[in-house]
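It should be emphasised that the depicted structure is a prediction, and the values quoted were computed from it without experimental measurement. Every chain is numbered from 1 and lettered A, B, ... according to where its sequence line falls, protein lines coming before strand lines.
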Number of protein chains: 2
Amino acid sequence: MGRRSDHSRAELEELIVSEGHRHMAEVGFARFSSREVAKRIGYAVGTLTNVLGSYDRLIAAINTRTFELWTAHLEATLAREPADRIEALVEGYFSFARDNRSLWMAIYDHRLAPDEIMPDDFMTRRAALTEIVVREVAAVLPPDAKDKAPRLARSLVATVHGHCTFALNGSFALLGETDPQGMAVARVKESLTAAEA
Amino acid sequence: MGRRSDHSRAELEELIVSEGHRHMAEVGFARFSSREVAKRIGYAVGTLTNVLGSYDRLIAAINTRTFELWTAHLEATLAREPADRIEALVEGYFSFARDNRSLWMAIYDHRLAPDEIMPDDFMTRRAALTEIVVREVAAVLPPDAKDKAPRLARSLVATVHGHCTFALNGSFALLGETDPQGMAVARVKESLTAAEA
DNA sequence: ATCAACAATTAGACACTGTTCAATAAAATA
DNA sequence: TATTTTATTGAACAGTGTCTAATTGTTGAT
């Protein structure tokens with residue numbers, strides 16, 4: 001054993017997180033195994049704990065990566081210059097979750113222990129998603145109401161999130177709702193209408 | 001070994017689920033252990049699997065019980081004849097989640113394997129919560145719009161759920177939002193206002 | 001060139017997890 | 001009383017993440 005050195009520490013961390021991300025996409029949070037990830041990249045079990053610090057941090061790193069993909073997906077959707085940017089945002093929210101079920105759900109399946117704190121680096125990278133929404137909400141509000149954009153945007157994200165959650169976990173299907181995304185758009189529109197005057 | 005018989009099968013199941021419920025409240029989904037539950041009630045490991053069928057079914061039973069407590073909590077809130085029943089419903093949604101963090105989160109932390117199906121019994125008991133909301137939403141809609149109550153009610157539950165999720169998992173606090181519940185009420189009111197006329 | 005210090009990696013032990021299943025003992029039935 | 005049923009066990013099994021002593025390649029100083 002000892003230094004193998006085909007990887008720097010940073011490269012190894014990248015290798016672990018990217019393979020972990022792949023594994024998460026395949027099996028989901030409940031069946032995720034850091035031992036399996038180790039096996040796949042040809043490293044020993046303990047190495048992952050050494051490099052990432054703990055299982056929780058590995059999951060946090062994987063989920064942060066998912067956030068970045070999601071943010072990129074939203075930006076790409078908007079870059080297509082859709083007629084209705086707000087509706088496009090909801091569509092992007094839903095379609096990412098739908099096409100990346102396991103990854104998306106893992107974000108909300110995981111919570112770090114109450115004593116542990118999320119690294120600042122991770123927080124910043126995750127915040128980018130909400131910032132897009134704040135920006136777009138501000139754009140549709142009248143000039144004198146723009147200061148309300150941040151609070152309203154967060155609230156609208158929560159609204160869409162609730163609809164997306166129930167869409168994916170089957171709650172809506174169970175109750176006969178066939179268009180959760182349309183419902184989410186309707187709620188968001190109502191709130192935006194109420195905000196301008 | 002052999003029949004001990006201080007419990008019928010149904011009584012034993014009740015014992016397991018109620019102790020499991022207590023354990024879930026204490027340690028939460030991530031640290032829940034059916035072995036620990038077995039130890040606490042003085043039964044052997046395998047007995048739980050025998051009686052409940054599987055770990056997943058045990059969790060499903062525990063969560064169904066939580067749904068029932070939650071429903072009772074909402075009814076109790078309404079029984080106090082609040083001035084605003086819709087606002088009271090949101091308050092009841094939030095306060096139950098707040099006061100029973102681990103139990104409430106466990107509901108959404110758990111998903112059964114795609115091949116398994118939730119027993120009808122469980123579904124019926126869980127549906128009671130949504131039915132309350134449908135009833136109350138119908139009550140505030142004008143007569144000619146009452147047929148829209150079921151769909152709208154589910155959508156509003158999703159809205160409130162999203163806000164409650166972000167409130168409890170810290171997303172709101174992180175972004176400086178101090179009144180998630182007020183935000184949820186505001187969104188619900190806007191949608192109800194839009195629905196009548 | 002040698003040697004010590006350092007950093008990277010490992011294997012295995014550890015304490016857990018839920019599930020399975022042959023063995024067993026007590027109650028119910030004949 | 002003898003036989004069948006039923007309830008319950010507990011050890012074995014295949015997993016999990018974490019920890020730690022041992023080991024080895026690399027680096028820097030002498």
Side-chain angles (χ1 to χ4, degrees), chain A residues 1-17 19-21 23-24 26-63 102 106 109-116, chain B residues 1-17 19-21 23-24 26-63 102 106 109-116:
Chain A
M1 303 105 205
R3 163 166 285 196
R4 217 162 57 174
S5 107
D6 16 329
H7 296 296
S8 75
R9 203 73 179 190
E11 284 168 345
L12 180 51
E13 181 168 335
E14 161 62 25
L15 178 63
I16 293 170
V17 175
E19 187 65 45
H21 198 261
H23 182 47
M24 183 67 82
E26 285 167 10
V27 305
F29 183 76
R31 292 186 218 268
F32 182 89
S33 155
S34 67
R35 268 189 134 99
E36 176 65 24
V37 175
K39 194 183 295 180
R40 293 204 195 177
I41 61 176
Y43 273 80
V45 214
T47 304
L48 299 216
T49 305
N50 282 342
V51 174
L52 268 298
S54 73
Y55 177 79
D56 275 291
R57 280 183 115 78
L58 170 55
I59 305 290
I62 290 171
N63 286 345
S102 298
D109 284 339
H110 180 246
R111 277 183 294 285
L112 5 70
D115 54 322
E116 282 200 275
Chain B
M1 303 111 202
R3 163 168 284 197
R4 219 163 52 173
S5 106
D6 16 329
H7 296 296
S8 74
R9 204 71 177 189
E11 284 168 344
L12 180 51
E13 181 167 336
E14 161 62 25
L15 178 63
I16 293 170
V17 175
E19 188 63 45
H21 197 261
H23 182 49
M24 183 67 83
E26 285 167 9
V27 304
F29 183 77
R31 294 187 216 267
F32 182 89
S33 154
S34 68
R35 266 188 136 100
E36 175 65 25
V37 175
K39 194 183 294 179
R40 293 204 195 178
I41 61 176
Y43 273 79
V45 213
T47 305
L48 298 217
T49 305
N50 282 342
V51 175
L52 267 297
S54 73
Y55 176 79
D56 275 290
R57 281 184 115 78
L58 170 56
I59 305 290
I62 289 171
N63 286 346
S102 297
D109 284 340
H110 180 246
R111 278 184 294 285
L112 5 70
D115 53 323
E116 281 199 276

Starting from P on dA7(D), measure out to CG on Leu48(B) and report it in whole angstrom. 15 Å
Reported CE-to-CG distance for the pair Met24(A) and Leu58(A), which is rounded to 0.5 angstrom: 7.5 Å
Shortest non-hydrogen pair, Ile62(A) vs Val17(A), comes out as CG1-O, 4.0 Å
Looking only at side-chain N and O atoms, does Tyr43(B) come under 4.0 Å of OP1 or OP2 in dT9(D)? no
Please report, rounded to the nearest Å, how far the P atom of dT19(C) is from the CZ atom of Arg57(B). 12 Å
What protein N or O atoms touch nucleotides 16-18 of chain C N or O atoms at under 3.5 angstrom, if any, and at what distances?
from: dT17(C); atom 1: OP1; to: Ser33(B); atom 2: OG; distance (Å): 2.8
from: dG18(C); atom 1: OP1; to: Ser34(B); atom 2: N; distance (Å): 2.7
from: dG18(C); atom 1: OP1; to: Ser34(B); atom 2: OG; distance (Å): 3.3
from: dG18(C); atom 1: OP2; to: Ser34(B); atom 2: N; distance (Å): 3.3
from: dG18(C); atom 1: OP2; to: Ser34(B); atom 2: OG; distance (Å): 3.1
from: dG18(C); atom 1: OP2; to: Arg35(B); atom 2: N; distance (Å): 3.1
from: dG18(C); atom 1: N7; to: Arg35(B); atom 2: NH1; distance (Å): 2.3
from: dG18(C); atom 1: O6; to: Arg35(B); atom 2: NH1; distance (Å): 2.8

CD of Glu116(A) versus P of dG17(D): gap in Å, rounded? 15 Å
What distance separates Arg111(A) CZ from Glu116(A) CD, expressed to the nearest 0.5 Å? 14.5 Å
Expected list for residues 32-39 of chain B: side-chain donor-acceptor pairs under 3.5 angstrom, two or more places apart:
from: Ser33(B); atom 1: OG; to: Arg35(B); atom 2: N; distance (Å): 3.3
from: Ser33(B); atom 1: OG; to: Glu36(B); atom 2: N; distance (Å): 3.0
from: Glu36(B); atom 1: OE2; to: Arg40(B); atom 2: NE; distance (Å): 3.3

Given atom CG of Asn50(A) and atom C1' of dA22(D), what is their separation to the nearest angstrom? 14 Å
Could you list all the side chain to side chain donor-acceptor pair (under 3.5 Å) pairs where at least one residue sits in residues 53-63 of chain B, not counting sequence neighbours? Asp56(B)-His110(B)
To the nearest angstrom, the CG-P distance between Leu52(A) and dT9(C) comes to 13 Å
Does the side chain of Leu12(B) come within less than 4.5 Å of Tyr43(B)'s, by heavy atoms? yes
Rounded distance in Å - CG (Leu12(A)) to P (dA7(C)): 16 Å
